[in-house]
Amino acid sequence: MSKVRTRFAPSPTGYMHIGNLRTALYEYLVAKKNEDGVFILRIEDTDQQRLVEGSVDVIYDTLKQCNLLHDEGPDVGGNYGSYIQSERMKSGIYKQYAEQLIELDGAHYCFCSEQEIDEQRQIAASKAISFKYDDPCKRLSKEEINSRIQSSEKHVIRQNIPNEGTTSFDDEVYGTISFENSTLDEAILLKSDGFPTYNFANIIDDHSMEITHVVRGNEYLSSTPKYNLVYSSFGWDIPTYVHCPPVMKDEQHKLSKRNGDASFQDLVAKGYLPQAIVNYIALLGWAPETDQEIYTLDELKQAFNVKRINTSGAIFDIDKLTWMNGIYLRNMDIDTFHALVLPYIKGAVTSDFDTKEIAEILHQRTSTLTEIHDMLDFFDVYPSFENDLYINKKMKTSPEIALPSLVAAKQLLANIDNYTKEVIHEQMMELVKTMGIKNGQLLFPVRIALTGKAFTPGGAIEIAYILGKEEAIRRLDIAINNLN
């Protein structure tokens, strides 16, 4: 078992939560940092009540969009299948191991109702003492147990926990952790309906699939000693544990699907690129050895080190993600960027303008894809605006300064025969000199007059060119009349 084998084992209960996606990424990186490492996808659907139709496809699509390609899984096969827990259950694997664990004195049949156990738990809480259920079923003879099972009496299989001593384990992030056995409850392994609990199925599947490294959230730290007692009862090798801090909404609250916090699908719908999301969440709780922040997936494979995962939670900062997304967009070549934003341009601009030229003015000014519509709405509809929009202290402009600038610019455009960006730029700069004003005192009013907006993706020259001579002059005419 020298080959590193990791597994991403989500439950198909809806969209891909950001914390789950980060776990998948870290599992992938742990495997792929090793040349022959194997990354596995396993669907954990034993909790039938929480299943959401279509969620398995969401998992497949998310991993594909993020390029976290699994080597084994339900859709690609492998030598350790089935990779869907409900299908594995049909073979009786969980029942078989649970009953074997009873023979090894690691578990026992329990015929008590959960209500009885809850009552004892409440009594312990009221006395402020640790809860340890004194299960009378442990004292039943084999004959009594068989009799109750044959009489169809409902039962579960519950783990045995030693009353004394400690259980310790090593974690790659948190170091050595010890728990007093007296504080560990004897969890259900196999429910009365025959389905295994999440925790037990995890242990059996991880062993059966020869998983060497288990990466998961630190909320499982308190359950890990109970897992290890099961491993020890069977005499199995215990995997390497990597427990990760939570992704936080703020200082006090974790990001949560149940609270409606953003999922991967939500972020993509809001115009964020999958590769930017992956890059950003890699840094949520992990610190690289350098100041580098922009990483390709291949660079992450080389740089990732579990020893540099933090023990404290990392706050999800949408502004930082937006900045990073903008970097990814600006680093694209113009042809790739044009192909990406073309649907967004066409969604905002229905008139016959050059989409490649529009993409060029967007390229260095776009942070998310969904902001494109509002950036371009002036192309189709020339908005009305107040003349005080011409007031700008930095540009030293006002309506009084704007009027002669617009009149001169309109005349300039009307006289251009070869209507290109280069010619417009050259003649606008010459006009600035002729009028004895600053660049901004001409170009700022012209841009306002052409767009009716305080902020636009392009400047006066680019927009005048894209609009075309006739439309640019028409808009300048309207603006001049309004000023007059």
Distance only, no hydrogens: is a donor on one side chain within 3.5 Å (strictly under) of an acceptor on the other, for S208 and D205?
no
Do the side-chain N and O atoms of R216 and T224 include a donor-acceptor pair separated by under 3.5 angstrom?
yes
Heavy atoms, side chains only, cut-off 4.5 Å: are R139 and D134 in contact?
yes
Shortest non-hydrogen contact between K191 and T197, atoms and distance:
CG-CG2, 3.9 Å
Donor-acceptor contact below 3.5 Å, side chain D377 vs main chain H373
no
Flag if over 12 foreign heavy atoms under 6.0 Å of NZ, K346
no
Drop me the distance from K33's NZ to T6's OG1, to the nearest 0.5 angstrom.
14.0 Å
Using atom types as modelled and distance alone, determine if a side-chain donor or acceptor of Y26 lies under 3.5 Å from a backbone N or O of A282.
yes
Which atom pair, heavy atoms only, marks the closest approach of A359 to H338?
CB-CD2, 3.7 Å
D333 atom CG, over 12 foreign heavy atoms within 6.0 Å:
yes
May I ask you to check whether over 12 heavy atoms, not counting those of K301, lie within 6.0 Å of atom NZ?
yes
Hey, is K64 close enough to D61 for a salt bridge, meaning N to O under 4.0 Å?
no
Nearest-0.5 Å distance, OG1 of residue T355 to CD of residue E360:
10.5 Å
Can you give me the closest heavy-atom contact between P10 and I59, atom names plus distance?
CG-CD1, 3.6 Å
Given side chains that start at C-beta, do those of Y28 and F8 come closer than 4.5 Å, heavy atoms only?
no
Residues S232, L229; criterion side chain to side chain contact (heavy atoms under 4.5 Å, CB included); working and verdict
CA-CA 5 Å; S232 297; L229 287 170; 5.5 Å; no
Mark yes or no for whether H70, through its side chain, and R42, through its backbone, hold a donor-acceptor pair below 3.5 Å.
no
Contact between R148 and Y109 at the side-chain level, heavy atoms closer than 4.5 Å - yes or no?
no
Ring pair (Phe, Tyr, Trp, His ring centres under 6.0 Å) filter on W236, not counting sequence neighbours, yields Y97, H207, F234
With distance as the sole criterion, is a donor-acceptor pair present between the side chains of T456 and R447 under 3.5 Å?
yes
Using a 3.5 Å distance criterion without hydrogens, assess whether the side chain of D266 forms a donor-acceptor pair with backbone atoms of S263.
yes
Sort out for me which residue in K3, K32, R5 forms a salt bridge (charged side-chain N to carboxylate O under 4.0 Å, His left out) with D71.
K32
Are V215 and V306 packed together at the side-chain level, in the sense that at least one heavy-atom pair is separated by less than 4.5 angstrom?
no
Between S168 and S178, what is the shortest heavy-atom contact and its length?
OG-OG, 2.5 Å
Between Y272 and T322, is there a side-chain donor-acceptor contact under 3.5 Å, judged purely by atom types and distance?
yes
Y83 versus M209: any side-chain heavy-atom pair under 4.5 Å?
yes
Hey, does the side chain of N392 reach the backbone of K394 with a donor-acceptor pair shorter than 3.5 angstrom?
yes
Yes or no on side chain to side chain contact (heavy atoms under 4.5 Å, CB included) for N163 and N181, after CA distance, side-chain angles and deciding distance?
CA-CA 6 Å; N163 289 321; N181 290 332; over 6 Å; no
Considering only heavy atoms from C-beta outward, does the side chain of D75 approach that of V56 to under 4.5 Å?
no
Would N325 and T368 count as having a side-chain donor-acceptor pair, cut-off 3.5 Å?
no
Mind running side chain to side chain contact (heavy atoms under 4.5 Å, CB included) on E289 and N305 for me, showing each step along the way?
CA-CA 9 Å; E289 295 181 13; N305 182 347; 4.3 Å; yes
Would you give the length of the straight line joining atom CE of M375 to atom CG of L362, rounded to the nearest 0.5 angstrom?
5.0 Å
How about F195 and Y94: are their ring centroids closer than 6.0 Å?
no
Can Q265 and T62 be counted as having a side-chain donor-acceptor contact under 3.5 angstrom?
yes
Heavy atoms, side chains only, cut-off 4.5 Å: are Q275 and L297 in contact?
no
Taking atom types as modelled, find out whether Y328 and N279 have a side-chain donor-acceptor pair closer than 3.5 angstrom.
yes
For the backbone of F179 and the side chain of T167, can you confirm whether one donor and one acceptor N or O come within less than 3.5 Å of each other?
no
Looking only at non-hydrogen atoms, find the nearest pair between P245 and N218 and report the distance.
CA-ND2, 3.8 Å
Has the side chain of T290 got a donor or acceptor atom that lies under 3.5 Å from a matching backbone atom of Q292?
yes
Give the C-alpha distance, both sets of side-chain angles, the deciding distance and a yes or no for side chain to side chain contact (heavy atoms under 4.5 Å, CB included) between F264 and N20.
CA-CA 10 Å; F264 171 78; N20 286 353; over 6 Å; no
Output yes when a side-chain donor or acceptor of E186 lies under 3.5 Å from a complementary backbone atom of I161, and no otherwise.
yes
For K154, does the NZ atom have more than 12 heavy-atom neighbours from other residues, nucleotides or ligands under 6.0 Å away?
no
Approximate separation, where rounding is to 0.5 Å, of D206 CG and T212 OG1:
10.0 Å
What distance do S367 atom OG and R330 atom CZ have between them, rounded to the nearest 0.5 Å?
5.5 Å
Does K356, at its NZ atom, have more than 12 non-hydrogen atoms belonging to other residues, nucleotides or ligands within less than 6.0 Å?
yes
Does Y80 have R7 sitting over its ring (NZ/CZ under 6.0 Å from centre, angle to axis within 45°)?
no
Is the backbone N or O of W286 less than 3.5 Å from a side-chain atom of R308, with the two atoms forming a donor-acceptor pair by type?
no
Could you tell me whether the side chain of L369 reaches within less than 4.5 Å of the side chain of V341, counting heavy atoms only?
yes
Output, in order, the C-alpha distance, side-chain angles, deciding distance and verdict of ring pair (Phe, Tyr, Trp, His ring centres under 6.0 Å) for H243 and Y174.
CA-CA 7 Å; H243 286 91; Y174 291 88; 7.2 Å; no
If we ignore hydrogens and angles and just use 3.5 Å, is the side chain of N160 paired with the main-chain N or O of D105 as donor and acceptor?
yes
Donor + acceptor pair across side chains of N228, Y241 (<3.5 Å)
yes
Nearest heavy atoms of L189 and A107, plus distance in Å:
CD1-CB, 3.9 Å
Going from CD1 on I117 to CG on D135, what distance comes out if it is rounded to the nearest 0.5 angstrom?
6.5 Å
